[in-house]
Amino acid sequence: MLQETIALAAEQAAPVAAGTDYDYVRRAVEFMTANWRRHPEVEEVAAHVGLSPSHFHHLFRRWAGLSPNMFLQALTIDRARDLVRNSSNVLDASLELGLSGPGRLHDLFVQHEAMSPGEWKIGGAGLQIRWGFHESPFGRALVMTTPRGLCGVGFSDGDDRAAFADMAGRWPNAAFIEDVASTEPYARRAFEREKWSPDQPLRVVLIGTDFQIRVWESLLEIPIGRADTYANIARKLGQPTAARAVGAAVGRNPISFCVPCHRVLGKSGALTGYHWGLTRKQAMLGWESGAVSA
DNA sequence: AGGGCCCATCGCA
DNA sequence: TGCGATGGGCCCT
């Protein structure tokens, strides 16, 4: 827990485009995490990020549909433990009711297909990836698409080149074309909750090894507002001793947020890790708890 | 084909 | 806390 706090504090170095809602949220989350022991009052957090309490309140309502207090509550370790503890029951129940897969209330509906290594490496010359940066509730997002659908979502914390290198390095043989106009509809579909609809599922292509694809597909089964654990996913895949391998595969998920790797926690409820920063993972979980209660 | 090393894990002393 | 087991991915021979 203490280590986690230290790790979070260390992330403060990275700047994010100023003036956006997420910039305030990020700083609030960092501050609250760094001072969780004291349980700071909302007034103090607002002052820290440079807003009046009422502006702070308003911003959170706009950003997540939550009051700052509820958001704060959603970030506690106990709450995370609850997410994990309840997840299997809820998941089992929804499976029994036939509600799983591409048909859950209030979730981002994702229709996926898989592209195995053989398919994209050997024929790799053909893979064209269009990319562009877009504002999102979680900062500046890098969106990548193939003709078959969304293949990548990453985030920039002030260094677009680094974010691009991170994503592009995953498919070294592909041809990359900057094309904001064609990535824009994907960004809106993914990040604007009003556009989430079963009639208009987000088309996604999973590019990875067979094992990675099995792990990523299982992430799509975790309902919004819930969480699962690495160990439990391993068990569900029929490989109960492969929790760590699951962790590695989750960490390689190229389609951040849309394939909800942020909904995987350690068995203790600890956040463990997130490729794009633990602060962002917390923000996503808090934001989603607003989506569920809305 | 196989060794070595990394990893967003876990459980036990 | 600290450590060993663990499975997959990647890079090197």
Side-chain angles (χ1 to χ4, degrees), chain A residues 1-14 26 29-30 33 75 77 79-81 83-85 87-88 114-122 124 127 138-139 142 151-155 157 162-163 165-174 206-222 226-288:
Chain A
M1 177 68 109
L2 186 57
Q3 281 177 341
E4 192 173 296
T5 305
I6 291 167
L8 280 168
E11 282 179 26
Q12 295 190 8
R26 176 181 61 80
V29 169
E30 283 165 355
T33 308
L75 295 187
I77 192 86
R79 164 78 179 150
R81 243 192 288 267
L83 290 186
V84 170
R85 185 167 47 233
S87 67
S88 14
M115 202 183 286
S116 68
E119 199 174 347
W120 61 271
K121 234 178 218 162
I122 296 168
L127 187 58
F138 313 105
L142 171 56
C151 69
V153 174
F155 294 93
D157 285 307
D166 183 314
M167 293 302 298
R170 296 160 190 247
W171 307 291
N173 297 328
L206 304 178
I207 307 177
T209 66
D210 290 340
F211 181 79
Q212 286 171 336
I213 286 167
R214 285 204 297 147
V215 170
W216 299 339
E217 283 174 337
S218 80
L219 300 184
L220 291 169
E221 300 295 317
I222 308 172
R226 297 285 163 195
D228 209 338
T229 67
Y230 301 98
N232 197 40
I233 290 172
R235 197 174 51 75
K236 280 197 262 185
L237 293 179
Q239 299 179 72
T241 55
R244 194 162 185 183
V246 167
V250 171
R252 301 283 306 161
N253 168 34
I255 317 179
S256 189
F257 183 69
C258 302
V259 175
C261 55
H262 56 282
R263 295 182 198 151
V264 191
L265 309 176
K267 203 163 206 180
S268 68
L271 282 185
T272 53
Y274 195 68
H275 186 78
W276 304 103
L278 287 185
T279 298
R280 187 169 270 111
K281 185 174 186 175
Q282 282 193 315
M284 284 179 180
L285 292 170
W287 188 85
E288 290 191 335

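First the proteins, then the strands, lettered A, B, ... as listed; each starts at 1.
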Peer 1: Could you tell me the separation between the CD1 atom of A:I207 and the P atom of C:dG9, rounded to a whole number of Å?
Peer 2: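 It is 16 Å, rounded to the nearest whole Å.
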
Peer 1: Do you see a donor-acceptor pair shorter than 3.5 Å between the side chains of A:H275 and A:D166?
Peer 2: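 Yes.
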
Peer 1: In this structure, how many angstroms lie between the C1' atom of C:dG8 and the CG atom of A:N253, rounded?
Peer 2: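 Atom-to-atom, A:N253 to C:dG8, this comes out as 16 Å.
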
Peer 1: Are the side chain of A:W216 and the backbone of A:A114 linked by a donor-acceptor contact shorter than 3.5 Å?
Peer 2: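 No, the answer is negative, given that no donor and acceptor are paired below the 3.5 Å cut-off.
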
Peer 1: Classify A:Y230 by what it touches in the nucleic acid, base, sugar-phosphate, or nothing, heavy-atom distance under 4.0 Å.
Peer 2: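 Touches a base.
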
Peer 1: Between A:E288 and A:H262, is there a side-chain donor-acceptor contact under 3.5 Å, judged purely by atom types and distance?
Peer 2: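 Result is yes, a qualifying pair exists.
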
Peer 1: Give me the ring orientation class for A:F257 and A:F138: parallel if the planes are under 30° apart, tilted from 30 to 60°, perpendicular past 60°.
Peer 2: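 Aromatic pair A:F257/A:F138 classed tilted.
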
Peer 1: Base, sugar-phosphate alone, or nothing: which one does A:A248 contact when heavy atoms must sit under 4.0 Å apart?
Peer 2: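 Base, at least one base heavy atom under 4.0 Å.
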
Peer 1: Measure from CZ on A:R170 to C1' on C:dC10 and round the result to the nearest Å.
Peer 2: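 It is 15 Å, rounded to the nearest whole Å.
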
Peer 1: Checking salt bridge (charged side-chain N to carboxylate O under 4.0 Å, His left out) between A:D228 and each of A:K236, A:K267, A:R235, A:R263, which is the one that passes?
Peer 2: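 Considering A:K236, A:K267, A:R235, A:R263, a salt bridge (charged side-chain N to carboxylate O under 4.0 Å, His left out) with A:D228 is found only for A:K236.
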
Peer 1: Check the pair A:V264 / A:I222 against side-chain contact (heavy atoms from CB on, under 4.5 Å), numbers first and verdict last.
Peer 2: CA-CA 9 Å; A:V264 191; A:I222 308 172; 4.2 Å; yes

Peer 1: Write out the stems for DNA chain C, ordered by first number and formatted as range with range, counting runs of at least 3 consecutive Watson-Crick or G-U wobble pairs under 3.5 Å.
Peer 2: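 Runs of three or more consecutive pairs: B:1-7 with C:7-13, B:9-13 with C:1-5.
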
Peer 1: Taking ring-ring contact (aromatic ring centres under 6.0 Å, His included) as the definition, give me every residue that meets it alongside A:Y230, ordered by chain and number, with sequence neighbours left out.
Peer 2: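 Listed in chain order: nothing, the list is empty.
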
Peer 1: Less than 4.5 Å apart, any side-chain heavy atom of A:L219 and any of A:I233?
Peer 2: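 They are in contact (side-chain heavy atoms under 4.5 Å apart), so the answer is yes.
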
Peer 1: Taking the nucleotide of DNA chain C with the closest heavy atom to each, which residue, A:Q212 or A:R244, is nearer the 5' end?
Peer 2: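 It is A:R244 whose nearest nucleotide is closer to the 5' end.
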
Peer 1: Whether A:Q239 contacts C:dT6 is assessed here as follows: a side-chain N or O lying under 4.0 Å from the phosphate OP1 or OP2. Is that the case?
Peer 2: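 False: A:Q239 side-chain N/O out of range (4.0 Å or more) of C:dT6 OP1/OP2.
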
Peer 1: Nucleotide range of DNA chain B contacted by chain A, 5' to 3', under 4.0 Å to a heavy atom?
Peer 2: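 Taking any atom under 4.0 Å from a heavy atom of chain A, the span is B:dC7 to B:dG11.
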
Peer 1: When you match A:K267 and A:K281 each to their closest nucleotide on DNA chain B, which lands nearer the 5' end?
Peer 2: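 It is A:K281, whose closest nucleotide lies nearer the 5' terminus.
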
